[in-house]
Amino acid sequence: MKKYTQHILSGLLPFLFAATLSAQDIHFTQFHEAPLTLNPALAGNFLNKYRFCLNYKNQWPTAGKGYNTVNASFDMPMFRDPNAGSKKVSYMGAGINLYKDMAGEANFGAFHGSFNVSGVVPIAVHHQLSLGLAAGVSQRNANINNLQWGSQFQNGAYDPSISGEPDRLSTAAYPDYSLGFNYEFNTDEESFQGFSSKKFNVGYAIIHYNKPKIGVGNFISDVVYRKKVLHFNGSFDIGGGLRALQPSIAYIRQGPSKELIIGFLVRNRKETEGKFTNLVVPASISYGVYFRLGDAIAPTIIYSKGNWQLGLSYDINYSSNIVTTRSVGGPELCLKIMPPSRVRFMRKYS
């Protein structure tokens, strides 16, 4: 029986991979903690010296090996006057983003690397717009040497010395472009801890704008659907600034796939003394939940201190895949480092 199962899988595998080519891209529950995967207009769009983000997600670990996604990004403001003070100043942002996605025994997945650039323009007191572009290279691939094929079974026994199917499931690298814009409202100074009375941003991006064509060997040709992303993220102080409400929403559509994520966190802020000095170090802890409608609920906690932040969420699956996933959606981790800058009150010009 196993032999015939392997024959069936070997016949279906190319078609399953073809379907994967047009499937939805990587996604994070804490979507705003992977900013350059969300919108290139967010590159360098902050007051800190730079921003480094590292994200890891393990999705559906009970379904084979599940999906494992690693993302890393680095971005910073460019050509910004360090003595801007209260002047109306435009500047640029730039950054790089890399991610690797792997699934199953054959590590089906994608690699992507891009360079992101943005232009940030204050338009009024507390208001600014930014436009962004990303140019990169992507590749889809798999290692089918890790799979067992029907031709490798003799008299019902598996013989690894017998060669399986040829490796036809890797693509050539292809160009990949994205664009987006972002509007931000901020009533006060912005820092890593978000010490402002009210701020929010709304953005829209088109990922894979050029709809790149990809092929696998000589028998599969496909087009990557454009991914359209509409996102909102806010922070609103309450209780004299010791607490803040942090709502966020992202609507993502790519071909026939769509996703709606709604998050709501509460941040509690405090101050601690440094380990080796008496200097006050700002710290906060945020807790709440994200809802990926029709799919999962994800309790989340984020701890920030000084220049760094660590976030943890855990997807609990409730979709129609619950029989396969057994409600285990998997963990997601985010590490962020953002040293402060000397530039202050960039948006409070007159």
Side-chain angles (χ1 to χ4, degrees), residues 12-28 31 34-44 53 55 57 59 67-75 93-104 106-119 130-144 166-182 203-231 250-259 261:
L12 288 178
L13 195 54
F15 299 100
L16 293 175
F17 187 68
T20 303
L21 295 178
S22 295
Q24 195 174 26
D25 279 4
I26 66 166
H27 65 117
F28 291 101
F31 55 89
L36 299 192
T37 67
L38 191 68
N39 190 337
L42 299 177
C53 298
N55 311 85
K57 186 178 185 68
Q59 186 175 5
Y67 287 83
N68 290 278
T69 305
V70 179
N71 180 80
S73 67
F74 177 88
D75 63 318
I96 57 174
N97 190 66
L98 303 169
Y99 69 72
K100 176 69 175 176
D101 188 39
M102 299 170 288
N107 290 327
F108 288 99
F111 169 80
H112 174 80
S114 65
F115 176 72
N116 298 252
V117 62
S118 68
S130 60
L131 300 175
L133 298 171
V137 176
S138 300
Q139 184 180 30
R140 303 292 177 99
N141 51 53
N143 181 11
I144 65 173
D167 190 351
R168 300 174 294 179
L169 299 183
S170 294
T171 71
Y174 52 89
D176 202 343
Y177 306 109
S178 304
L179 56 87
F181 74 89
N182 185 74
Y204 179 76
I206 302 177
I207 314 299
H208 314 305
Y209 182 80
N210 58 319
K211 298 176 66 175
K213 295 181 180 180
I214 55 180
V216 182
N218 297 318
F219 65 99
I220 294 179
S221 180
D222 210 341
V223 174
V224 179
Y225 291 120
R226 286 175 178 167
K227 181 168 71 172
K228 301 175 182 179
V229 182
L230 180 64
H231 59 90
Y251 177 74
I252 304 169
R253 182 149 197 163
Q254 186 174 16
S257 302
K258 58 185 177 180
E259 181 177 54
I261 307 174

Q: Go through the steps for Leu38 and Phe28 under the test side chain to side chain contact (heavy atoms under 4.5 Å, CB included), then give the verdict.
A: CA-CA 10 Å; Leu38 191 68; Phe28 291 101; over 6 Å; no
Q. Where do Phe31 and Ile261 land on the side chain to side chain contact (heavy atoms under 4.5 Å, CB included) test, with the steps shown first?
A. CA-CA 9 Å; Phe31 55 89; Ile261 307 174; 3.9 Å; yes
Q: Could you check Lys258 against Ile252 for side chain to side chain contact (heavy atoms under 4.5 Å, CB included), going step by step and ending with a plain yes or no?
A: CA-CA 6 Å; Lys258 58 185 177 180; Ile252 304 169; over 6 Å; no
Q: Dump the intermediate steps for side chain to side chain contact (heavy atoms under 4.5 Å, CB included) on Arg253 and Lys227, then the final yes or no.
A: CA-CA 6 Å; Arg253 182 149 197 163; Lys227 181 168 71 172; over 6 Å; no
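With sequence neighbours left out, Tyr204 forms a side-chain contact (heavy atoms from CB on, under 4.5 Å) with Phe181, Ile206, Lys228, Leu230. Asp75 pairs by the salt bridge (Lys or Arg N to Asp or Glu O under 4.0 Å) definition with Arg51, not counting sequence neighbours. Annotation: side chain to side chain donor-acceptor pair (under 3.5 Å) contacts of Asn182 (sequence neighbours excluded): Asn201. Applying the ring-ring contact (aromatic ring centres under 6.0 Å, His included) test to His112 and every residue at least two apart in sequence or in another chain returns Tyr99. Applying the ring-ring contact (aromatic ring centres under 6.0 Å, His included) test to Phe74 and every residue at least two apart in sequence or in another chain returns Tyr50. Annotation: side chain to side chain donor-acceptor pair (under 3.5 Å) contacts of Ser73 (sequence neighbours excluded): none. A search for side chain to side chain donor-acceptor pair (under 3.5 Å) contacts involving Ser130 returns Asn45, not counting sequence neighbours. In this structure Ala72 satisfies the side-chain contact (heavy atoms from CB on, under 4.5 Å) test together with Leu54, sequence neighbours excluded.
For Asn97 and Asn71, the side-chain atoms include at least one donor-acceptor pair closer than 3.5 Å.
Heavy atoms only, all atoms of each residue included: Pro212 and Pro175 are closest at CB-O, 3.4 Å. The shortest non-hydrogen separation linking Ala205 to Pro40 is CB-CD, 4.3 Å. Across all non-hydrogen atoms, the minimal contact from Ala134 to Asn116 is CB-OD1, 3.2 Å. Among all heavy-atom pairs drawn from Val229 and Ile207, the shortest one is CG2-CG1, 4.3 Å.
Taken from OG in Ser138 to OH in Tyr174, the straight-line distance is 4.5 Å, to the nearest 0.5 Å. Rounding to the nearest 0.5 angstrom, the gap separating the CG atom in Asn55 from the OG1 atom in Thr37 is 7.0 Å. Considering OG1 of Thr69 and CD1 of Ile26, their distance stands at 6.0 Å, rounded to 0.5 Å. One distance of note links NZ of Lys57 with CG of Asp101; it measures 11.0 Å at 0.5 Å rounding.
Side-chain contact check for Cys53 versus Pro35: some heavy-atom pair is nearer than 4.5 Å.
A donor-acceptor distance shorter than 3.5 angstrom exists from the side chain of Gln254 to the backbone of Tyr225, with no hydrogens or angles considered. In this structure a side-chain-to-backbone donor-acceptor pair under 3.5 Å is present from Ser118 to Ala43. Between the side chain of Arg226 and the backbone N or O of Tyr209, at least one donor-acceptor pair lies under 3.5 Å.
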